[in-house]
Amino acid sequence: MAEFSMNVPALVATYQLRQREFLLQISRAMTSRLDLPSLLRLILQNAAEIVGCRAGLIALTREHIDIGDMPSTVVHFEARGVYNIDPALLASFAPLLTIDAVPVAADDGGNDSHLPDLQERVRQVEAELGMTLGQVVGLPLLFEEQLLGIIYLFRSDYAFTQADAQLLQGFANQAAIAVRNARLYQQVGRERSRLATIIDNSADGIMILDMDLTVLVINQAMAAMVDVTPESAIGLSYEMVLPLEKVEGDDLNAATDLAGLLSDGGARCEGELQRPGGGRIALAVTYTPLYNGGERLVNIIVNVYDITKFREEEEMKSTFTSIISHELKTPVALIKGYAQTLAREDADWDAETARQSLEIIEEEADRLEALINNLLDVSRIQASGLHLDVDLIDLQRLIERVTEVMGAQSPLHTIELDFPAPLPRVWGDAERLRQVLTNLIGNAIKYSPEGGLIRIGGWSETGSGGKRDRVVIYVADEGIGIPAYELPHIFERFYRVDSSLRRSTAGTGLGLFLSKAIVDAHGGEIWVRSESGAGATFFVALPIADQTPAVSPL
Ligand code: ADP
């Protein structure tokens, strides 16, 4: 008896030492684990085993709840791990996943008194489950006044002692640190992948460079702009990835003092790039410095915008202004000149001269009117598309009528019609289709100044591969033709092929643009075959009229 009583304190001390060692081991294991689900499993299993519990549940708050700011509130938890509980029964534990009062600080012991109505909630769960849970303890996971979660432990045989509670709360404090770390790690990972997704999916080009201008990061848009894969560009020098030419502004590659160049919050430039796969683009580039701790320059963020369209628009505006002013000035000057001459009081014009002058005034006024109508059409197309008055059209008859009028105007040209079989009718807007034909035949005349044969014909063909049956017509001339490299552009707004003839011929570069818009609105197609010096043949295909129109009457 005496021997036993002498050994009790020693036994208790040894037991406590073992417990502390055990706690230390577990907390080391916990803090080195950053994967949240496996950490939660480890915590719950150890918590249950320390005090011999048969089951447990660990639940986390969705966000960190700062109990300093919210002394009393309703807190919702999400069950994140179970120990010896059938997951199918988890719904019955719902009463334990909402608490009305936030538990007070962990140092106070963490027993039931911090979850005031715990017993009541446990009874609700038991009623749901139809069985008793035995002894229940709820351990808040608190870290620097932030409530991160709660561990519930269930023990059937004997009650939790004060010593159990203290041991468990010591464990819970360690577990809270580990949970906090794992959550931060998860958050950093999420932020990183969110940032990577934003960069990667940005429509503008983005690169991150290190201080010797090596590419560290390049997004999809940037890689597509310079015709490389992101993988192949990483590690290359900036100059190799973006060899800008005609640089205006801050040239990063030519900079001798990088820090100085970027010191004013960043730098910018514009330049051109010859893409490896062909084609030239214009780019605007901004360079933003990234400082470490606000002092040392560590990275340069490069943002690249494709301004090719913008530059084209600018060019188009100035082309527009010069073409339109030229095309307006000529007829206005003629009208004014003839009108002034006719009005002279000191001259007595014979009837024939007066008639010829008035005819010229009328023709020039018609030119002005046609130009204004074309411009209105262009702005209509841009604003709301073309309005068509659709009807059944005899295209062949329309061609014959337009040819009669146009042929009479040009004695140098012979117009030949070639329709091996009568053309089927199409759905279309007669006035708009007349405009297309007038433009094509007018161009054939205009761009074969030495005269020659103009052949106009057509046929019908059966559609294949889901395409509708269609009528194809053509206008072929023997004129100056169009160089191959100009062909892709001639249907663009205000586009005129550069030639000495063009410079001496009136035109706005709107005719083919409008013809294409009209044909497109009919559900058709327009294209050209030509060679420089060997004439040009324009083709128009329109769907043949069956029961349903290809375009809906507006
Ligand atoms: P415009 O004739 O008013 O210049 P278009 O849009 O009708 O404008 O034609 C665009 C350009 O295409 C013309 O400037 C001309 O260079 C070229 N083109 C059109 N038709 C022909 C043709 N039949 N032969 C040679 N070049 C043509």
Side-chain angles (χ1 to χ4, degrees), residues 312 315-316 318-331 363-364 366-382 386 399 402-403 406-407 409-410 412-416 432-457 473-521 525-540:
E312 277 170 7
E315 227 166 84
M316 180 121 11
S318 73
T319 316
F320 170 80
T321 318
S322 68
I323 288 181
I324 296 306
S325 52
H326 174 260
E327 289 299 305
L328 286 175
K329 266 187 187 159
T330 319
E363 268 169 27
E364 294 305 315
D366 284 346
R367 257 179 77 181
L368 273 181
E369 194 187 7
L371 175 60
I372 291 166
N373 284 339
N374 278 352
L375 289 174
L376 286 176
D377 280 347
V378 170
S379 62
R380 267 188 216 120
I381 288 168
Q382 278 166 341
L386 269 184
I399 291 170
V402 175
T403 311
M406 307 227 33
Q409 291 170 7
S410 174
L412 279 179
H413 298 89
T414 311
I415 300 185
E416 204 175 86
R432 290 297 188 186
L433 292 177
R434 182 196 299 276
Q435 196 178 337
V436 174
L437 294 168
T438 308
N439 181 246
L440 295 183
I441 301 170
N443 278 350
I445 294 172
K446 202 158 70 170
Y447 297 107
S448 45
E450 283 162 23
L453 182 65
I454 296 173
R455 286 180 302 111
I456 304 173
I473 56 164
Y474 64 87
V475 178
D477 63 59
E478 299 174 329
I480 60 167
I482 304 163
Y485 62 90
E486 300 273 15
L487 287 175
H489 303 291
I490 58 165
F491 294 100
E492 290 169 14
R493 224 175 356 151
F494 301 117
Y495 197 86
R496 304 198 72 206
V497 173
D498 197 12
S499 70
S500 54
L501 178 64
R502 186 216 76 179
R503 281 188 286 275
S504 60
T505 329
T508 53
L510 288 180
L512 287 181
F513 171 75
L514 289 173
S515 300
K516 178 165 170 19
I518 293 168
V519 174
D520 285 349
E525 234 183 297
I526 182 166
W527 69 99
V528 60
R529 252 187 239 148
S530 181
E531 248 178 70
S532 195
T537 306
F538 281 84
F539 297 87
V540 171

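Atom set for the values below is all heavy atoms of this structure, side chains included, hydrogens, waters and symmetry mates excluded. Every number for a ligand or one of its atoms is a count from 1 in the order of the listing.
Near Y495, the atoms of ligand 1 lying under 4.0 angstrom from a non-hydrogen atom of the residue are 10 (C), 11 (C). Interface of R496 with ligand 1, defined as ligand atoms under 4.0 Å from a residue heavy atom, comprises 1 (P), 4 (O), 14 (O). Close contacts of ligand 1 with L512, meaning ligand atoms under 4.0 Å from a residue heavy atom, involve 5 (P), 6 (O), 7 (O), 9 (O), 10 (C), 12 (O), 19 (C). Set against the non-hydrogen atoms of L510, the atoms of ligand 1 under 4.0 Å away are 6 (O), 8 (O). The atoms of ligand 1 that sit less than 4.0 Å from any heavy atom of K446 are 1 (P), 2 (O), 3 (O). Those atoms of ligand 1 with a heavy atom of N439 less than 4.0 angstrom away are 7 (O). Shown in contact with G481 at under 4.0 Å from a heavy atom are these atoms of ligand 1, numbered in order with element: 25 (C).
If you check each of N443, L514, T508 against atom 19 (C) of ligand 1, the one with the closest non-hydrogen atom is N443.
Considering backbone and side-chain N/O of G511, one or more are found under 3.5 Å from N/O of ligand 1. Taking distance alone, with nitrogen or oxygen atoms compared against 3.5 Å, G509 approaches ligand 1 more closely than that limit. Remark: ligand 1 and F538 share no N or O pair separated by less than 3.5 Å (distance only, no angle test).
With a 4.0 Å heavy-atom cut-off, ligand 1 is reached by no atom of E486. Residue contacts with ligand 1 for I482 involve side-chain atoms from C-beta outward but no N, CA, C or O (heavy atoms, distance under 4.0 Å).
Rounded to the nearest 0.5 Å, atoms OG1 (T537) and CD (E531) are 10.5 Å apart. To the nearest 0.5 Å, the span separating CD on Q435 from CG on L440 amounts to 11.0 Å. With rounding to the nearest 0.5 Å, the separation of CG in L512 from CZ in F538 is 5.0 Å.
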Could you go step by step and tell me if F539 and E525 meet the side chain to side chain contact (heavy atoms under 4.5 Å, CB included) rule? CA-CA 8 Å; F539 297 87; E525 234 183 297; over 6 Å; no

Does the side chain to side chain contact (heavy atoms under 4.5 Å, CB included) test come out yes or no for L510 and F494, once each step is laid out? CA-CA 5 Å; L510 288 180; F494 301 117; 3.6 Å; yes

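No donor-acceptor distance shorter than 3.5 angstrom exists from the side chain of S410 to the backbone of G407, with no hydrogens or angles considered. Side chain of S532 to backbone of I482: no donor-acceptor contact under 3.5 angstrom is found.
Residue pairs meeting the side-chain hydrogen bond (donor to acceptor under 3.5 Å, both in side chains) criterion with at least one member in residues 475-494, sequence neighbours excluded: E486-Y495, H489-E492.
Scored by the side chain to side chain donor-acceptor pair (under 3.5 Å) test, N439 finds S515 as partners (sequence neighbours excluded).
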